[in-house]
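Working notes for the structure below.
A note on names: the letters A, B, ... follow the listed sequences, proteins ahead of strands, and every chain is numbered from 1.
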Amino acid sequence: MEDKQLDSEDVDMKDDSAPQKPIAIKKVGAGGDVEMEDGKASGNDGDDKKDEAKEDPIIVAINEIKDNFTLLERAVTLFDARFTLRVLRTISSLRRRLTPEILAKVIKETYPAEHPSVRRLEAVIKYDGAMEVESTEVTSKEGASGNVLPEVDIYIHLLAQIYLLDQKSLEEGAKFSTELVETIHLLNRRTLDSLAAKVYFYYARFHELLPSPTITSIRPQLLASLRTATLRKDIDTQATLITLLLRNYLLTSHITQADHLVSKTVFPESAANNLIARYQYYLGRIRAIQLDYTAAHNELVGAIRKAPQTAAAAGFVQAANKLNIIVELLMGDIPERSIFREPRLEKALHAYFLLVQAVRIGELDAFFDTLNTHAETFKKDGTYSLILRLRQNVIKTGIRMMSLSYSKISLRDICVRLRLDSEESAEYIVAKAIRDGVIEATLNHEKGYMQSKELLDVYATQEPQEAFHERIMFCMSLHNDSVKAMRFPMNQHRLELKNAQEARERERELAKEIQDGEIDDDDAGGEFEGL
Amino acid sequence: MADKELKTLHQALIGSVSKGDYTSASRTLSSLKLALLTRNALLPTPSTPAPILLLAREVLEIGALTSIHQTDDAAFSRYYSQLQPFYEDHRLTTASPSPHRSKIVGLHLLLLLSKNDIADFHTTLENLEADMEKDPFVRHPIMLERWLMEGSYDKVWNATKSSQMPSEEYALFSQVLVGTIRNEIATCSEKAYASLPVSNAKNLLFLDSDGAVIKFAQEKGWEVRDGRVYFPVEESEKEALASGTIIENTIGYAHELEIIV
């Protein structure tokens with residue numbers, strides 16, 4: 001429910017997100033879809049930007065963090081996750097302003113001096129500037145309150161985590177996150193869920209950026225946390241962990257393990273949209289590798305549609321589109337031209353555009369040219385091995401083009417056109433194409449030619465019906481999904497119940513009146529008897 | 001003491017394999033595996049010393065090859081899965097990469113191909129490092145798959161001749177592969193040709209004699225008449241099938257509409 005609101009906020013933010021663009025683009029280059037999470041909510045800094053300019057940015061930031069504490073407290077007392085989400089939404093705007101000074105001050109002012117977190121946090125932030133002056137005054141004020149809410153505690157840790165990531169202190173960050181994750185694992189508070197999910201996200205990110213063996217080392221912890229999260233019905237963490245694990249497996253190309261994970265876990269349906277989009281993307285990847293192109297296509301289209309439309313998620317949308325183009329080609333479809341014209345995709349998809357052109361014409365030479373010139377790009381995108389499978393599709397398209405243009409063509413000509421090695425191969429290939437339903441034709445072995453059958457009228461077949469069926473099903477599921485995704489005000493059903501109660505009473509009165517009147521009843525009875 | 005036992009068993013194993021005596025090799029293998037198990041070496045753990053792990057890896061590799069010779073597919077798959085952690089262990093692969101790895105992987109790919117398990121085939125392929133695809137052992141099944149997929153069955157046929165095989169173990173699969181392509185060609189021919197002379201069919205299907213063609217045709221239910229093979233004409237049952245789906249779809253729509261209204 002919350003994510004709907006979240007996304008609409010994203011859309012609203014479009015106009016004033018201009019100053020964030022450079023960062024978003026940098027992120028896209030850095031790691032494709034990973035950074036999408038950061039783009040989830042582009043902060044609410046639009047409104048208070050003007051006031052900030054006048055004040056000291058440090059104080060503003062500290063106040064903002066403090067305000068978030070109030071929100072977190074409210075989330076705990078009212079048990080409403082929306083407040084926590086609001087806090088998380090400010091992270092990306094805070095992220096750019098975080099300095100050790102701000103963090104140190106916040107820590108000093110929040111925790112009592114002897115709190116165990118203080119030492120741990122200060123160790124990683126490494127700030128020992130002129131703090132002493134204010135600290136005495138502050139500790140006397142806040143220290144009295146004694147205990148710190150776990151939510152606030154984790155929130156500060158999360159900020160520290162992000163700070164470390166931006167500082168590129170990867171190893172330290174990994175160590176810090178590992179400890180933090182262990183702490184979180186022990187806590188059992190529902191109001192902590194969405195914060196915990198974030199913490200896991202950065203935990204995995206740190207380990208992913210470190211050299212190779214570390215990436216596999218976090219799997220046991222992630223799996224253990226996933227078990228706990230599932231048992232506690234902690235949807236945020238559960239969804240995050242499943243996507244993180246899938247990503248982890250796919251990065252080391254352990255497809256079988258990833259597939260097993262998918263079959264053994266149930267992805268929570270009510271997870272945030274962004275997480276669903278990621279999950280679908282990874283699922284699409286797995287299915288594509290397993291040659292289940294139809295399933296892969298469905299997942300990828302879902303992922304592209306669900307992805308946020310902001311600039312921050314451009315990397316994800318690009319990655320998903322690249323994969324989707326290949327899957328469409330493998331299914332024998334040609335992707336729509338308009339995809340390549342979209343401004344935020346045009347550049348990234350250029351290599352794929354050339355590829356599609358080669359496949360569309362059925363030219364093996366052009367296909368291999370593109371493949372070789374852009375091999376690096378494809379390898380980086382992880383689509384290279386999938387593209388290699390396209391070779392047969394190129395041949396099939398070539399055969400189809402020939403079958404459409406000639407009613408009768410000799411096998412030798414086919415062989416020459418497709419640059420195949422021998423007529424024998426050509427014969428087998430054409431025979432296979434006929435069996436696979438690529439073309440409607442017959443072969444004549446003795447005379448060595450292929451005879452195309454007359455074209456059928458498409459509207460006389462079942463094809464239009466199937467196409468319509470597909471569209472109707474899509475509309476239906478869209479409608480059903482939208483109903484499911486809507487937010488319904490609390491206690492609304494009671495009002496309805498009351499209305500129903502009233503209606504029932506009215507009915508009873510009416511019935512009573514009828515009984516009292518007796519005329520209608522008699523009439524009705526009389527008529528009945530008359531019949 | 002135990003080390004010595006391992007060594008002697010290992011020597012015995014190599015001895016029987018080089019003689020081609022696979023029955024005694026498999027017996028030695030089971031006692032070797034037991035010995036390794038007691039030394040905690042069947043799974044690479046950081047606590048086990050590297051030399052023993054290397055020995056374990058070699059034993060498992062020999063076991064895999066032995067099971068291929070005994071045409072025991074299930075055993076080969078088991079050995080293959082057992083070998084995976086050894087190949088992924090960084091300590092072992094950097095210290096001394098296995099000389100047999102590509103052969104084992106290639107055989108595994110070939111096994112998947114012969115079982116027509118293409119999804120698993122590609123999953124395994126995705127798992128390989130980029131430079132492994134250039135290895136002749138791995139390249140062989142990859143090319144076979146490519147030819148099978150595009151339909152160049154004549155190339156597959158040539159490749160299954162023993163001279164084209166990268167090692168003797170690969171030749172054991174050629175029988176299965178020939179069977180696969182023959183069936184593929186048969187289904188293709190049913191659709192592609194109206195009829196074929198028996199002699200041409202013999203060449204197309206890579207059969208040895210006209211008699212074999214007639215036998216094969218009978219198995220498939222084709223008609224052989226006047227020295228030609230006639231393929232059955234498809235009956236169009238589509239119309240009858242369609243009404244069922246139309247009714248099903250319409251009821252589905254009505255149901256959904258009822259929910260909405």
Can you tell which of [options] has the highest number of heavy-atom pairs within less than 4.5 Å of chain B?
{"options": "A:I434, A:N393, A:L443", "answer": "A:L443"}
{"options": "A:M450, A:Q392, A:K432", "answer": "A:K432"}
{"options": "A:D436, A:T256, A:I429", "answer": "A:I429"}
{"options": "A:E427, A:H445, A:K396", "answer": "A:H445"}

Residues B:K155 and A:E424 bridged, charged N to O under 4.0 Å
no

Toward chain B, the part of [X] with a non-hydrogen atom under 4.5 Å:
{"X": "A:H479", "result": "side chain"}
{"X": "A:I289", "result": "both"}
{"X": "A:L291", "result": "side chain"}
{"X": "A:N480", "result": "side chain"}
{"X": "A:Q451", "result": "neither"}

In terms of heavy-atom pairs under 4.5 Å with chain A, the winner among B:L257, B:N203, B:I118, B:L204 is B:L204

With respect to chain A, which residue among B:A192, B:S189, B:G252 yields the maximal number of heavy-atom pairs within a distance under 4.5 Å?
B:A192

Do the side chains of A:L245 and A:Q257 get nearer than 4.5 Å, heavy atoms only?
no

Decide yes or no for B:Y230 and B:L196: does some side-chain heavy atom of the first lie under 4.5 Å from some side-chain heavy atom of the second?
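No. Closest side-chain heavy atoms not under 4.5 Å.
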
A:T397 side chain to A:I361 main-chain N or O, any donor-acceptor pair under 3.5 Å?
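Pair absent, no side-chain N/O of A:T397 close to backbone of A:I361.
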
Once rounded to the nearest 0.5 Å, what's the spacing between atom OG1 of B:T250 and atom CD of B:E248?
9.5 Å

Atom pair OG (B:S77) and CD (B:Q82), whose distance is rounded to the nearest 0.5 Å:
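The CD atom of B:Q82 is 11.5 Å from OG of B:S77, to the nearest 0.5 Å.
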
Taking the six-membered ring of B:Y87 as reference, does the cationic atom of B:R101 (NZ for Lys, CZ for Arg) lie under 6.0 Å from its centre and within 45° of its axis?
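Here B:R101 passes the 6.0 Å and 45° test against B:Y87.
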
For the residue pair B:W222 and B:F216, does the interplanar ring angle fall in the parallel (under 30°), tilted (30 to 60°) or perpendicular (over 60°) class?
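Because their plane-to-plane angle is over 60°, the rings of B:W222 and B:F216 count as perpendicular.
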
Check each atom of B:E190 against the heavy atoms of chain A and say whether the ones under 4.5 Å are side chain, backbone, both or neither.
neither

